[in-house]
Each structure stands twice: as structure tokens, then as C-alpha cells.
Amino acid sequence: MIPIRDTLPSRNRPVVTQAIIGLNVLVFLLQMAQGNEVGRFVYIYGLVPARYVVPELKAYFSPAQQVFSFVSFMFLHGGFFHLLFNMWSLYIFGDNVEDEMGH
């Protein structure tokens, strides 16, 4: 069953949740703007296990780039509906999580 909304009202405005949703949409638009280079974009910013275990690939990336991909991969999405359903779930449940954990 797909949730439409939750029944718990939010106590505060979910600033961080809205910021994460906005950032995800911006990164998705950037990802889609890559055109034929989208595979390269995903390889650079996605979490590709071969980058950490294959020596030839590991040497191509700096340690900072290797660590950065552990954060950047969370903002990549496989398509419009993937983004839509993830952000919908975040919108529904993120405000309650943010109320409990704080901004």
C-alpha cells in the first residue's frame, strides 16, 4: 500500500527535509543534463565498488574523491519515478523524523 500522508502533525517546519528534497531534485536535474555522459557522471559520483578494489581503477581516483562518493551517491536516482517515490516518502515521513531528532 502506498502511503498518501501521515496522521502525525509536524511540530516544526521541516527545514532539513525540504532542503534535502530540493538538493535531490537539483542533483537529478544536473544528472539528466549530462546527456550521453550520464554513465560517466554516475561512475564518478556514484558508489561503484570496483573503484575501491580494482587497483587500476583505484589509482585513478584521489582519496578525497573516494570518500566524497560515499556522500554523493545518496543524491543520485535511476529515473524520474525513482526520484518521485523517494522524495514522496521523505516528504511524508521526514517531518516526523526531524521533529524527533531535531534540525
Side-chain angles (χ1 to χ4, degrees):
M1 185 135 196
I2 298 174
I4 297 174
R5 62 185 167 277
D6 63 348
T7 57
L8 293 171
S10 181
R11 292 182 301 227
N12 301 313
R13 182 167 183 252
V15 179
V16 175
T17 300
Q18 291 173 347
I20 291 172
I21 290 171
L23 185 59
N24 272 290
V25 170
L26 286 174
V27 171
F28 181 72
L29 292 175
L30 178 65
Q31 180 181 345
M32 291 297 102
Q34 299 301 311
N36 293 335
E37 295 292 318
V38 72
R40 184 172 183 259
F41 183 83
V42 170
Y43 185 75
I44 291 172
Y45 296 106
L47 190 60
V48 180
R51 287 175 46 174
Y52 301 93
V53 295
V54 177
E56 294 83 18
L57 297 175
K58 191 176 184 179
Y60 181 74
F61 296 97
S62 71
Q65 290 172 321
Q66 296 284 48
V67 171
F68 181 70
S69 70
F70 276 102
V71 175
S72 64
F73 87 95
M74 292 184 273
F75 297 96
L76 300 180
H77 289 85
F80 175 73
F81 287 108
H82 183 211
L83 174 75
L84 180 69
F85 289 122
N86 279 0
M87 296 307 101
W88 187 1
S89 298
L90 182 59
Y91 177 76
I92 291 172
F93 302 113
D95 60 342
N96 302 117
V97 173
E98 195 169 339
D99 275 344
E100 285 298 315
M101 295 181 73
H103 299 293

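Only heavy atoms go into these numbers, but all of them, side chains included; no hydrogens, no water, no symmetry mates. For clarity, every value in this text was computed on a predicted model and none was experimentally measured.
Remark: the backbone N or O of H77 is paired with a side-chain donor or acceptor of Q31 at under 3.5 angstrom. Not one N or O on the side chain of E100 forms a donor-acceptor pair closer than 3.5 Å with the backbone of N96. Between the side chain of Q34 and the backbone N or O of G39 there is no donor-acceptor pair closer than 3.5 Å. One N or O on the side chain of Q66 and one on the backbone of R51 form a donor-acceptor pair closer than 3.5 Å.
With sequence neighbours left out, Y52 forms a side chain to side chain donor-acceptor pair (under 3.5 Å) with S69.
Rounded to the nearest 0.5 angstrom, D95 CG and T17 OG1 are separated by 6.5 Å. Interatomic distance, OH of Y91 versus CD1 of I21, reported as 8.0 Å (0.5 Å rounding). Atom CZ of F70 is separated from atom CD of Q65 by 13.5 Å, given to the nearest 0.5 angstrom. Considering CG of L57 and OH of Y43, their distance stands at 3.5 Å, rounded to 0.5 Å. To the nearest 0.5 Å, the span separating CD1 on I20 from CG on N86 amounts to 12.5 Å.
Checking R13 against Q18 by side-chain atom types alone, a donor-acceptor pair falls below 3.5 Å.
Under the 4.5 Å side-chain heavy-atom criterion for ILVMFWY residues, a single connected hydrophobic cluster contains both W88 and F80. By the criterion of side-chain heavy atoms lying less than 4.5 angstrom apart, applied directly or through intervening Ile, Leu, Val, Met, Phe, Trp or Tyr residues, M101 is not grouped with L90; the two fall into different hydrophobic clusters. M87 and L26 fall into different hydrophobic clusters, where Ile, Leu, Val, Met, Phe, Trp and Tyr are joined by side-chain heavy atoms under 4.5 Å apart, directly or via other members. In terms of hydrophobic clustering, with Ile, Leu, Val, Met, Phe, Trp and Tyr side chains grouped at heavy-atom distances under 4.5 Å, V16 and V97 are assigned to different clusters.
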Could you go step by step and tell me if V25 and F28 meet the side chain to side chain contact (heavy atoms under 4.5 Å, CB included) rule?
CA-CA 5 Å; V25 170; F28 181 72; 5.6 Å; no

Evaluate the criterion side chain to side chain contact (heavy atoms under 4.5 Å, CB included) for residue pair F68 and Y45; output intermediate values, then yes/no.
CA-CA 8 Å; F68 181 70; Y45 296 106; 3.8 Å; yes

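Of all non-hydrogen atoms in F41 and L76, the two that sit nearest each other are CE2-CD2, 3.6 Å.
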